[in-house]
Amino acid sequence: MSTAFVAGARLTGTVAEDCLDDSYGFTAPYEAAKHRAEQLVRDWAQRPGAVVTVLRPSVLVSHRRVPPGCPHHPLSAAGVRLAPAARQGPRWLARTTGAVLRPDETLTLRLHLPRGSAMNFVPVDYAADAAVRLAARPVPPGVRTCHVVHPVDIPNDLWLPAVASVLP
């Protein structure tokens with residue numbers, strides 16, 4: 001299981017299934033680790049007779065709670081990182097970042113996203129079903145990479161307010 005985020009810091013264009021390019025760098029250690037792991041699997045698959053199917057799901061979502069001890073979802077991980085700052089308040093965050101606030105000011109964090117941009121979210125059950133179906137298909141030796149995505153991207157102006165509403 002890989003991830004669509006092996007593309008790292010690449011922000012434009014289409015990333016084909018056979019593309020594993022690190023020339024754009026990475027925005028997070030998670031992306032770099034997934035890229036490296038996929039590269040190791042691809043290297044292993046060069047052995048005679050080896051058969052590998054690499055699945056690259058987009059952002060997996062579920063209505064179920066994450067069990068204790070499991071890694072946080074990438075979107076909730078941002079909230080977990082911001083929660084201590086939110087509990088300390090805007091003055092603490094301003095002091096930490098060097099910002100200057102007047103007594104009557106609040107601090108607003110903004111995400112700079114291209115106008116009209118969107119994200120792809122794929123329900124976990126949908127992705128699991130796709131994985132089972134793909135695994136059942138016979139393939140020749142080598143590497144087969146499949147993007148597992150939902151057919152419809154969600155505009156950022158629809159999902160970001162929902163995420164913001166549950167953050168502290």
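Hydrogens, waters and symmetry mates are skipped; everything else that's a heavy atom, side chains included, is used.
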field: Test item: R144 side-chain N/O and L134 main-chain N/O as donor-acceptor pair under 3.5 Å
entry: yes

query: Hey, what do you get for CE (M119) to OG (S58), rounding to the nearest 0.5 Å?
result: 8.0 Å

task: State the NE2-CG distance between H35 and D21, to the nearest 0.5 angstrom.
output: 6.5 Å

task: Using atom types as modelled and distance alone, determine if a side-chain donor or acceptor of T14 lies under 3.5 Å from a backbone N or O of A16.
output: no

- prompt: Got a second to check how far C146's SG is from R133's CZ, nearest 0.5 Å?
  reply: 13.5 Å

- prompt: Is V51 reachable from V143 through a run of I, L, V, M, F, W or Y residues, each pair having side-chain heavy atoms under 4.5 Å apart?
  reply: no

- request: Enter the distance from D153:CG to L158:CG here, rounded to the nearest 0.5 Å.
  value: 11.5 Å

message: If I compare all heavy atoms of W44 with all of V52, which pair ends up nearest, and what's the gap?
response: CZ3-CG2, 3.5 Å

query: Can R115 and D157 be counted as an ion pair, charged N to O under 4.0 angstrom?
result: no

message: Minimum heavy-atom separation for P161 and N156, please, with both atom names.
response: CD-O, 3.9 Å

message: Within the structure provided, determine whether V61 and V124 are in side-chain contact (heavy-atom separation under 4.5 Å).
response: no

field: Ring geometry between H150 and Y126 (parallel below 30°, tilted from 30 to 60°, perpendicular above 60°)
entry: tilted

Euclidean distance, R42 CZ relative to D18 CG, rounded to 0.5 Å: 7.0 Å

- request: May I ask you to test the R64-D125 pair for a side-chain heavy-atom distance under 4.5 Å?
  value: yes

field: Separation between CD of E38 and CG of D43, rounded to the nearest 0.5 Å
entry: 11.0 Å

- request: Return yes if a side-chain donor-acceptor contact under 3.5 Å exists between S2 and R56, otherwise no.
  value: no

query: With a 4.5 Å heavy-atom cut-off, do V6 and E31 have their side chains touching?
result: no

- prompt: Side chains of V149 and N120: does their closest heavy-atom pair fall under 4.5 Å?
  reply: yes

